[in-house]
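Values below: every heavy atom of this structure, side chains too, minus hydrogens, waters and symmetry copies. Here the structure is a predicted model, which means the values were calculated and not measured. Residue numbers start at 1 and run along the sequence shown.
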Amino acid sequence: MGKRRGGRELLRGLSKKQRKHLREFGEEHPFHDKVPGRPEATQVCELSDSSDKSSAESDSETEVEQVSVYHKLLATLKTSPESESEEEEEEDESESEAEESETEMDSEGSQESREADGGGEDQNDVPEQEEATDTAEQTPSQQQADGIDTSCDPGHGVVEEFTDVKHESEFSLETNFMEEESGDCNADKRDGSSSQAFSEDPFKQHMDKELEEKDVEKMSTLPKTSSQSQWPRLGQVTFSSTLEKPKALKADKEVDVKQLYLHKPLESTWPKVNKQFLSSVNKPSDAFFTPLQRELFCIMNTYRDLFYPERNALTNGEEIRHAYCLHALNHVLKANSQVLSNNAKKRNQKPGADNDDHRDQGLTRPKHLMKHVNLLPLDSHGVDFSRVRMLNLNNWCRYYRQTLLFSALQDPQVNSVFNKHCFNYMGQVAVRNVPLSGSISRVVVQLPHVFRRLEAESLTSVIDTRFQFFIDKVLPEYRDAIMSHTLIYVPSYFDYVRLRNYFKKEELNFTHICEYTKKAAVCRARRFFLKGEKQFLLFTERFHFYKRYTIKGIRNLIFYELPTYSHFYSEICNMMKATDNGVDATWTCTVLYSKYDAQKLAAVVGIERAAQMLQSKKNVHLFVTGESE
């Protein structure tokens, strides 16, 4: 009888979830196992004079108080039949946890006495449980009046935190959005104009569009069609898409704040943040954006992919950063407001009602950029699949992703990312301003420039082809002692290491400088090269990027590859004038290029000359710069 009564008391003290787990698996959930002697986390706190309770008592009070904070939070939410049932289950769990914490505080002697009685009923169990529950429901003022010390409880810092109820609603996303939603609904009942404006929001249009299988097949197989237009500030803009027909995008001359569909808080905060970039000569209609920001945001707000290769850290870098941060915040706030609105709708939804209109979330949040973007997760991570968008379930996220790329130059690698890895169904927009005159026009020394074209079968074979072309045809012409003071400009560090190892193997008279060379070694190499003790100087582009040393003594210059930054070409060539020794006529410059260097070549010699050099049957082209021209 004693064992049966003890078993009934055990079941009576468990919650519904615990009893269900006990029936299915024949044991309690491991989460509720009692582990005596478990070390507690060390906490440093200041105790009051009246604090004389044991560590076990303080721990139990901490757990109970956390439950009470949770109940107070639940009391602030709107109740529904579902939430009431969930609250009852949480109360059962909190009572069982409170009972378990009281049981853990019992001494080993009391446990042995109960076991000696055959598992008999302990008369003090129920009063202790009721007392713990009453303590959990007390307010902080009542607990202080009863002599309960809560100075060490981290949960009380949250309860006693000051809350400005009067002004809190102004910064609450849920409150603001709910007011906006109710206003739209009331206006919809009157004339329907607000609902139409809400449907024209680019965010809603982009996220609510449901692609079909035939659309995805078109984007995977058909080529893109493109169109070009000239914008006042951006210049030549190219629009390309597979689904949409080619059409010329036009820049908005004036900005209507209402047509931007900005989230409510941003309408008031953005003009203050962007004030530093606005000049006094701007028109009143342009008080919201600068001309560059207006055209960039006009494109970004259409949710098309954007590539802007004319960002400069010293001039327009922060101006551009503010524009795309505004777009990103606007998107995040709208997505968050949509989730909050659907949460409120689901709370007011009748039990058992199925609604498929609340899909507003993804499967998981990516932790790494590019490597984990748009990949299906291996685990569910406790996701509610009824709230997941269909585009995520169909693994079509790449077609909805908007990519914004900003660069300081037209780089082939960046172009490859934009052209081959951006699949936005809305299309792509790229700024393509071609340089009419290259950086060679800024070379002030009288110098013959010999451009030598090398033939490569593919992009992957260019590296080996360039190295073999250099050691077979170019380097033998400079190994003579007459061709001293030869600087070899190498953009890639890997090519630099390869050349350095080859020069060491051939025992050539050379020195080298890279971005990892120490200052003493740099000074020594510059001195050897200037005095002619070393015939060759291997020089990396990254060293010039970070240090900008003027290398003296250059008589012969070899560009192993065209510079990444076009203005580096004229800067390196103009270093020759740093040595005035009357031997200007012996200066030479040799440049290696291939058909895969079209953009770099156009940035150096200009678009027209680059086209001729790439299409010509001749592999050698000569240009002369200097004061005599």
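Of all the heavy atoms in Met576 and Leu447, the pair that sits closest is SD-CD1, 3.8 Å. Contact detail for Gln599 and Pro412: the closest heavy-atom pair is OE1-N, 3.7 Å. Nearest heavy-atom pair across His263 and Ser337 is NE2-OG, 2.8 Å. Summarising the geometry of Ile440 relative to Arg609, their closest heavy-atom pair is CG2-NH1, 4.3 Å, with the distance given to 0.1 Å. Shortest non-hydrogen contact noted between Cys573 and Val445 is O-CG2, 3.7 Å.
Side-chain contact between Pro309 and Leu409 is absent, with no heavy atoms from C-beta onward closer than 4.5 Å. Residues Tyr496 and Glu541 form no side-chain contact, since every pair of their non-hydrogen atoms from C-beta on lies 4.5 Å or further apart. With contacts defined as side-chain heavy-atom distances shorter than 4.5 Å, the pair Val417/Val414 does not qualify. You'll find the side chain of Met426 reaches within 4.5 Å of the side chain of His206, heavy atoms only. With contacts defined as side-chain heavy-atom distances shorter than 4.5 Å, the pair Thr517/Phe543 does not qualify. For the pair Thr590 and Leu557, the minimum side-chain heavy-atom distance is 4.5 Å or more. Counting heavy atoms from C-beta outward, Thr588 and Met483 have side chains that approach closer than 4.5 Å. A heavy-atom distance below 4.5 Å is not found between the side chains of Tyr399 and Asn424.
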Between Ile320 and Tyr308, is a side chain to side chain contact (heavy atoms under 4.5 Å, CB included) present by the stated rule, with each step listed?
-> CA-CA 10 Å; Ile320 295 173; Tyr308 181 73; 3.5 Å; yes

List the steps and the verdict of ring pair (Phe, Tyr, Trp, His ring centres under 6.0 Å) for Tyr324 and Phe406.
-> CA-CA 10 Å; Tyr324 67 69; Phe406 299 92; 5.1 Å; yes

Determine, step by step, whether Cys397 and Leu391 satisfy the side chain to side chain contact (heavy atoms under 4.5 Å, CB included) criterion, reporting the C-alpha distance in whole Å, the side-chain angles of both residues, the deciding distance to 0.1 Å, and the verdict.
-> CA-CA 6 Å; Cys397 299; Leu391 63 97; 3.9 Å; yes

Would you check, one step at a time, whether the test side-chain hydrogen bond (donor to acceptor under 3.5 Å, both in side chains) holds for Ser492 with Glu561?
-> CA-CA 8 Å; Ser492 172; Glu561 185 181 359; 5.9 Å; no

So Leu405 and Leu306, side chain to side chain contact (heavy atoms under 4.5 Å, CB included) or not? Walk me through it.
-> CA-CA 6 Å; Leu405 292 177; Leu306 172 63; over 6 Å; no

Please lay out, stage by stage, how Tyr593 and His621 fare under the test side chain to side chain contact (heavy atoms under 4.5 Å, CB included).
-> CA-CA 11 Å; Tyr593 75 97; His621 300 271; 3.3 Å; yes

Let me see the working for Asn415 and Arg432 under side-chain hydrogen bond (donor to acceptor under 3.5 Å, both in side chains), right down to the final yes or no.
-> CA-CA 11 Å; Asn415 287 330; Arg432 305 289 188 186; 3.1 Å; yes

For Thr540 and Glu515, run side-chain hydrogen bond (donor to acceptor under 3.5 Å, both in side chains): C-alpha distance rounded to whole Å, both residues' side-chain angles, the deciding distance at 0.1 Å, then the answer.
-> CA-CA 7 Å; Thr540 63; Glu515 57 271 23; 3.0 Å; yes

Please test Lys600 against Asp411 for salt bridge (Lys or Arg N to Asp or Glu O under 4.0 Å), starting from the C-alpha separation and ending with a verdict.
-> CA-CA 8 Å; Lys600 294 181 180 180; Asp411 188 73; 5.4 Å; no

For salt bridge (Lys or Arg N to Asp or Glu O under 4.0 Å), just list the numbers for Arg498 and Asp464, CA-CA rounded to whole Å, side-chain angles, deciding distance to a tenth of an Å, and then say yes or no.
-> CA-CA 10 Å; Arg498 190 176 188 178; Asp464 295 332; 3.0 Å; yes

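The 12-atom threshold is not exceeded at CD of Glu457, counting heavy atoms of other residues, nucleotides or ligands nearer than 6.0 Å. Few gaps surround CD on Gln230; more than 12 heavy atoms of other groups in view lie less than 6.0 Å from it. The environment of CG in Leu222 is crowded: more than 12 heavy-atom neighbours from other residues, nucleotides or ligands sit within 6.0 Å. Counting non-hydrogen atoms of other residues, nucleotides and ligands closer than 6.0 Å to CZ of Arg452 gives a total above 12. Remark: Glu608 CD is loosely packed, at most 12 non-hydrogen atoms of other residues, nucleotides or ligands lying under 6.0 Å away.
His327 and Tyr303 share no donor-acceptor pair across their side chains, judged by distance under 3.5 Å alone. For the residue pair Gln428/Lys224, the side-chain donor-acceptor check at 3.5 Å is satisfied. Side-chain contact, Thr465 with Glu455: no donor N or O sits under 3.5 Å from an acceptor N or O. Judged purely by distance below 3.5 Å, without hydrogens or angles, the side chains of Asn316 and Arg321 never pair a donor atom with an acceptor atom. Side chain to side chain, Gln293 and Glu319 fail the donor-acceptor criterion of an N or O pair below 3.5 Å. Judged purely by distance below 3.5 Å, without hydrogens or angles, the side chains of Glu200 and Tyr261 pair a donor atom with an acceptor atom. Neither side chain, Tyr489 nor His544, offers a donor N or O lying under 3.5 Å from an acceptor on the other. Side chains of Tyr565 and Ser439: a donor-acceptor N/O pair is absent below 3.5 angstrom, by distance only. For the residue pair Gln402/Asp305, the side-chain donor-acceptor check at 3.5 Å is not satisfied.
The aromatic rings of His485 and Phe529 lie perpendicular to each other, with more than 60° between the two planes, well past the 30° mark. Using cut-offs of 30° and 60° for the angle between ring planes, the Tyr400 and Tyr425 rings count as perpendicular.
Taking the centre of each ring, Tyr493 and Tyr516 come in below the 6.0 Å mark. A distance of 6.0 Å or more separates the ring centres of Phe277 and Phe289. Checked against the 6.0 Å centroid threshold, Phe297 and His322 do not count as a close aromatic pair.
The backbone N or O of Phe288 lies less than 3.5 Å from a partner atom in the side chain of Asn274, making a donor-acceptor pair. Judged purely by atom type and a 3.5 angstrom limit, Arg311 has no side-chain atom pairing as donor or acceptor with the backbone of Ala408. Between the Arg453 side chain and the Met613 main chain, a donor and an acceptor come within less than 3.5 Å of each other. The main-chain N or O of Leu211 is never found under 3.5 Å from a side-chain atom of Asp215 such that the two would form a donor-acceptor pair. For the pair Asp480 (side chain) and Ile482 (backbone), a donor-acceptor distance under 3.5 Å is present. The backbone N or O of Ser241 lies less than 3.5 Å from a partner atom in the side chain of Thr225, making a donor-acceptor pair. Under the 3.5 Å distance criterion, the side-chain polar atoms of Glu295 are matched with a main-chain donor or acceptor of Arg233. A donor-acceptor pair is defined here as one N or O able to donate and one able to accept, closer than 3.5 Å; no such pair exists between the side chain of Asn556 and the backbone of Tyr478.
Atom CG in Leu622 sits 9.5 Å away from atom NZ in Lys618 (nearest 0.5 Å).
A salt bridge links Arg466 to Asp597: one of the charged nitrogens lies within less than 4.0 Å of a carboxylate oxygen. Using a 4.0 Å cut-off between a side-chain N of Lys or Arg and a carboxylate O of Asp or Glu, Arg442 and Glu571 do not qualify as a salt bridge.
Of the residues listed (Phe539, Phe503, Phe559), the one engaging Ile488 in a side chain to side chain contact (heavy atoms under 4.5 Å, CB included) is Phe503, and it is the only one.
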